[in-house]
Amino acid sequence: MVAFAAEKQDRNLLSKIASGDGHGENSSYFDGWKAYEENPFHPIDRPDGVIQMGLAENQLCGDLMRKWVLQHPEASICTSEGVNQFSNIAIFQDYHGLPEFRQAVARFMEKTRDNKVNFDPDQIVMSGGATGAHETVAFCLANPGDGFLVPTPYYPGSNGFKITVEALEAAYQTARESNIPVKGLLVTNPSNPLGTMLDRECLISLVNFTNDKGIHLIADEIYAATTFGQSEFISVAEVIEEIPNCNRDLIHIVYSLSKDMGLPGLRVGIVYSYNNQVVNIARKMSSFGLVSSQTQHLIAKMLSDEEFVDEFIRESKLRLAARHTEITTGLDSLGIGWLKAKAGLFLWMDLRNLLKTATFDSETELWRVIIHKVKLNVSPGGSFHCHEPGWFRVCFANMDHKTMETALERIRVFTRQLEEESLDRVKPMAATTMMAKKKKKCWQSSLRLSFNDTRRFEDGFFSPHSPVPPSPLVRAQT
């Protein structure tokens, strides 16, 4: 009784945000991380450990990054070649950030968008990663109780399929009827977790919709340079140039170097707003999460190296394409479905036919088998608020080639064992029993039946079981 009273008192000392569950750490997304941390895979020291396929990180071009750092020791103030800049960089810097940093980031953003748009360095606000950038934007635009329209599935936010104006209108009206003031629409393009991209027509419709409603459009474009193949990324910054009388005060872009450059640990996040008032306010708020001046100095030097940047972007696309082909070819050989995508560091894997029942409880059960038996940390669709169970995000760019081969081999062994177990159960059964078993969709049942339908959905084609239908679920979140 005393312990309970003390716990209640402790919780009362904290804010609702601090004592609530809004952080999401109770989801299976973070459960997978915990399983990995307890037993991380290592080819020699821990060959039976969990392989991390839940981390959307680009490690495929780390060699290029290391090579540049070794060739440019002057970029760091902690080397003999760069120490003469130590006093200038280590002292207090204002909230605007180093001018050379903002200029280099603006130029890099232009390059990752095929130089089709121009970015003004004075409209850039720095933040401690994209998460901090989103928080800053939210504080600038919304009050407690206000909502944003967020298409699902989203990172634990966009589905990447065409979003119809009718669907947006319905969601908007539903929010209003629930007394939720809608302040904006948040989309992630390219999409996490799907890896798909919004086309020009869709982006124009989003800008027109938000302009007509007088609400903000926040475009998370942190995967802009992760496209591969013949795909072309279109930024919201490009389409607003084509829209007459567009109210640009309602347009904001969130960006970072975590995905495109593979530098999540440096915590370089960016808010690019066309609204001068938002820029001024966000800049003042950035004191809560500034990018260190040493990091700014290093990044300014690196991104100002035009030859290096061009090579990095080009090589990154080639390596992402090769890795995507490697994993999809492996899944194809097993008959495992996946959603066709053009960007990202992951794919959207279809295991719906392995569920016992079409429920998220069954999805969680299958996920636990994958994480604890197969020893692969993949992320279930439910953790991304996907409305249909059985989809999983699989990250493929955060490991070397040998680890990817090991992961695919584990999947092969797992599927082969399921098939053998199924055949052993089926043999002694009578014909009527066998017929009944064939109707059962679960990972204990016949894998041959479950996996014989490989799905790769082309652009514009919506499967009856697509994770997001043509009119996607767009929800108001507070």
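Remember, it's a predicted structure, so these values are computed and weren't measured experimentally. Heavy-atom basis, side chains included; hydrogens, waters and symmetry copies ignored.
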Q.
Test side-chain contact (heavy atoms from CB on, under 4.5 Å) on V187 and I218; report intermediate values, then the result.
A. CA-CA 6 Å; V187 295; I218 304 99; over 6 Å; no
Just by distance, do the side chain of [X] and the backbone of [Y] share a donor-acceptor pair under 3.5 Å?
X    : Y    : value
Q123 : Y272 : no
N275 : D249 : yes
K375 : I51  : no
T329 : T325 : yes
R113 : F233 : no
S256 : G269 : no

For [X] and [Y], test the side chains for any donor-to-acceptor distance below 3.5 angstrom and give the result as yes or no.
X    : Y    : answer
R323 : N58  : no
T227 : K317 : yes
D220 : Y255 : no
E100 : S304 : no
Q59  : N398 : no
S191 : T188 : no

Is the shortest side-chain N to carboxylate O distance from [X] to [Y] below 4.0 Å?
X    : Y    : value
R248 : E241 : yes
K213 : E169 : yes
K34  : E37  : no
K356 : E365 : yes

Looking only at heavy atoms, which two atoms of [X] and [Y] are closest? And how far apart?
X    : Y    : value
C386 : F360 : O-CZ, 3.0 Å
G330 : L408 : CA-CD2, 4.3 Å
T112 : A225 : CG2-CB, 3.7 Å

Q) What distance separates I327 CD1 from F346 CZ, expressed to the nearest 0.5 Å? A)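 That separation rounds to 12.0 Å.
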(Q) I need the T295 OG1 to L266 CG distance, nearest 0.5 Å. (A) 5.5 Å
Q: Show your reasoning for whether side-chain contact (heavy atoms from CB on, under 4.5 Å) applies to E306 and R107.
A: CA-CA 9 Å; E306 301 272 345; R107 179 67 182 127; 3.6 Å; yes
Q) Hey, mind stepping through H324 and F396 against ring pair (Phe, Tyr, Trp, His ring centres under 6.0 Å) and telling me if it holds? A) CA-CA 7 Å; H324 183 269; F396 55 75; 5.8 Å; yes
With heavy-atom distances below 4.5 Å as the criterion, would you say the side chains of [X] and [Y] are in contact?
X    : Y    : result
L320 : L345 : yes
M349 : R393 : no
V50  : H372 : no
H252 : L217 : no
W348 : F384 : yes
F119 : V117 : yes
E221 : V254 : no

Q. Given E110 and N115, is the side-chain hydrogen bond (donor to acceptor under 3.5 Å, both in side chains) satisfied, shown in steps?
A. CA-CA 5 Å; E110 292 170 358; N115 295 309; over 6 Å; no
Q) What class does the angle between the rings of F312 and F308 fall in, given that below 30° is parallel, 30 to 60° is tilted and above 60° is perpendicular? A)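 Ring orientation, 0 to 90° scale: tilted.
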Q | Test side chain to side chain contact (heavy atoms under 4.5 Å, CB included) applied to L206 and V239, L185, V165, the passing residue | A |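 Of all the options given, the one that passes is L185.
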Q: List the steps and the verdict of salt bridge (charged side-chain N to carboxylate O under 4.0 Å, His left out) for E242 and R200.
A: CA-CA 10 Å; E242 306 170 9; R200 187 179 306 276; 2.6 Å; yes
**Q.** Steps toward salt bridge (charged side-chain N to carboxylate O under 4.0 Å, His left out) verdict (R102, D122)
**A.** CA-CA 8 Å; R102 289 185 287 111; D122 291 335; 3.3 Å; yes
Q.
E135 vs T131, test: side-chain contact (heavy atoms from CB on, under 4.5 Å). Steps then yes/no.
A. CA-CA 6 Å; E135 184 176 39; T131 301; 5.9 Å; no
